[in-house]
There are 2 protein chains.
Amino acid sequence: MPGTGQTRNTRQKEAIRAAFVEADRPLSPDELLGLAQARVGGLSLATIYRNISSLVEDRWLAEVAVPGGAMRYEVAGKAHHHHFQCRGCGTLHELEGCELRAKPKLPVGFEYASHELFVYGTCAACMK
Amino acid sequence: MPGTGQTRNTRQKEAIRAAFVEADRPLSPDELLGLAQARVGGLSLATIYRNISSLVEDRWLAEVAVPGGAMRYEVAGKAHHHHFQCRGCGTLHELEGCELRAKPKLPVGFEYASHELFVYGTCAACMK
DNA sequence: CTGCGTGCAAATGCTTTGCAAAGAC
DNA sequence: GTCTTTGCAAAGCATTTGCACGCAG
């Protein structure tokens, strides 16, 4: 049960945190595996998943659910923002601000809680 | 290979189409199984998936990818709209119109193509 | 030392596919 | 009767979990 006992700093967890800081965009477990393995060869996917869970519980990471894709994770604590997904390479990027005009009109009897906006297009790298 | 040979009208496919028309909201394969089995007992999940694929190819159904959830499908041919997901029961509902103020501002070098908005809250049935 | 974290492999859970039998036309 | 569609069961994938060993503290 993470959060109760000790939390040790392993090379693997260090590599994972570093990958998020350097990437500066939400990463999927697969993307993370590639980036973290560049630092710690032999790092396993199971370790990726376990550390992600741990970092989410510690609120160092936040989950970013993407329509029709694998879950992504980003460093937690950021202001309200949305995301852009590149149709070319599939990478997710942060967008600043929120272009929503007003709270959306809901059917009678429905109650609003929150919203998520996803923008699609082509990223700079894929435009070349 | 659907689309090439004959397409036969089976009780199963009829039940599936009827379920979509009656539900009047996007359905997941699981939800669809329940609704369609009420009409044709013993209908299998494999048949659900195969008919969904077939109906999507025929453009009678459209895919609705949901963040962090199973794919949903809705009757195709509707105008630009977005979706509401109930935090209580997980059902997806159609929303009319679009509250987006303007095309979102993207980082330099990025190109806009489209967007999707998801609204969360509580549906009328779960408010009781 | 103590026991948490890791790698491997097996186990899930959801979706897809192979195949023989049932059904549409 | 012919050829598509179905139901069942097995196969795929991505993610999760069990276990024995390795490493952090």
Side-chain angles (χ1 to χ4, degrees), chain A residues 1-20 26-58 60-61 63-73 85 90-92, chain B residues 1-20 26-58 60-73 90-92:
Chain A
M1 176 184 176
T4 297
Q6 298 296 323
T7 296
R8 296 180 179 174
N9 284 325
T10 61
R11 289 175 306 138
Q12 290 84 347
K13 179 170 277 187
E14 271 310 307
I16 287 169
R17 271 195 283 242
F20 276 109
L27 299 175
S28 67
D30 261 347
E31 291 175 317
L32 183 54
L33 180 64
L35 295 173
Q37 276 186 339
R39 296 159 183 279
V40 176
L43 196 160
S44 73
L45 199 46
T47 294
I48 291 288
Y49 280 105
R50 279 187 286 231
N51 274 290
I52 284 175
S53 298
S54 162
L55 290 168
V56 168
E57 281 193 39
D58 295 346
W60 193 87
L61 279 182
E63 299 186 324
V64 182
V66 180
M71 186 75 86
R72 313 295 165 100
Y73 302 85
Q85 183 166 33
T91 56
L92 205 68
Chain B
M1 177 184 174
T4 298
Q6 298 295 324
T7 296
R8 295 177 179 177
N9 284 326
T10 62
R11 288 174 308 137
Q12 290 85 345
K13 179 170 276 188
E14 270 310 305
I16 287 169
R17 272 195 284 240
F20 275 108
L27 299 175
S28 67
D30 260 347
E31 292 175 316
L32 184 55
L33 180 65
L35 294 172
Q37 277 186 338
R39 296 160 183 277
V40 176
L43 195 161
S44 73
L45 200 47
T47 295
I48 291 288
Y49 280 105
R50 279 186 286 231
N51 274 290
I52 283 175
S53 297
S54 162
L55 290 168
V56 168
E57 281 195 38
D58 295 347
W60 192 87
L61 280 182
E63 300 186 324
V64 182
V66 180
M71 186 76 86
R72 313 294 164 102
Y73 302 87
T91 56
L92 205 68

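This one's a predicted model, so the numbers in the text were calculated from it and none came from an experiment. So you know, we letter chains A, B, ... as the sequences are listed, proteins then strands, and number each from 1.
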List every contact pair, protein side and nucleotides 21-25 of chain C side both N or O, where the distance is under 3.5 Å.
from   : atom 1 : to     : atom 2 : distance (Å)
C:dG23 : N2     : B:Arg8 : NH1    : 2.3
C:dA24 : N3     : B:Arg8 : NH1    : 3.1
C:dC25 : OP1    : B:Asn9 : N      : 3.2

### Task
Of all the heavy-atom pairs spanning A:Ala65 and B:Gly68, show the shortest one and how long it is.
CB-N, 3.5 Å

#### Entry: Of residues 30-48 of chain B, the positions that come close to DNA chain D - non-hydrogen atoms, cut-off under 4.0 Å
B:Gly42, B:Leu43, B:Ser44, B:Ala46, B:Thr47

### Over all atoms of both residues, closest heavy-atom pair of B:Glu31 and B:Pro26
OE1-O, 3.8 Å

### Message
Just the rounded figure in Å: distance from P of C:dG5 to CG of A:Asp58.
### Response
10 Å

### Heavy-atom pair with the smallest gap, counting every atom of A:Ala36 and A:Ala19
N-CB, 4.5 Å

### Query
Taking DNA chain C as the partner, which of residues 63-72 of chain B come within under 4.0 angstrom of it by heavy atom?
B:Ala70

### Query
Roughly, in whole Å, what's the span from OH in A:Tyr49 to C1' in C:dA11?
15 Å

### Task
For D:dG7, take OP1 and OP2 only and decide whether either is under 4.0 Å from a side-chain N or O of B:Gln12.
yes

### Query
What is the distance, rounded to the nearest whole Å, between atom CZ of A:Arg50 and atom P of C:dA9?
14 Å

### Query
What are the two closest non-hydrogen atoms of A:Arg8 and A:Lys13, and how far apart are they?
O-CD, 4.3 Å

### Task
Under the side chain to side chain contact (heavy atoms under 4.5 Å, CB included) rule, collect the residues that match up with A:Ser53, sequence neighbours excluded.
none

### Message
Using whole Å, what does the distance between atom C1' of nucleotide D:dC23 and atom CG of A:Asn51 come to?
### Response
14 Å

### Query
Is the backbone N or O of B:Ala15 less than 3.5 Å from a side-chain atom of B:Arg17, with the two atoms forming a donor-acceptor pair by type?
no

### Qualifying salt bridge (charged side-chain N to carboxylate O under 4.0 Å, His left out) pairs with a residue from residues 32-44 of chain B, counting only residues at least two apart or across chains
B:Glu22-B:Arg39

## Note on the structure
Of all heavy-atom pairs linking A:Val40 and A:Gln12, the shortest is CG1-CG, 4.3 Å

### Message
When you measure from the side chain of A:Gln85 to the backbone of A:Leu92, do you find a donor-acceptor pair of N or O atoms at a distance under 3.5 Å?
### Response
no

### Message
Run the side chain to side chain contact (heavy atoms under 4.5 Å, CB included) test against A:Leu33 and tell me which residues pass, sequence neighbours left out.
### Response
A:Gln37, A:Leu43, A:Leu45, A:Ile48

### Query
For the pair made of NZ in B:Lys13 and C1' in D:dT6, what is the distance, rounded to whole Å?
12 Å

### Task
Could you pull out the closest heavy-atom pair between A:Tyr73 and A:Phe20, with the gap in Å?
O-CE2, 3.0 Å

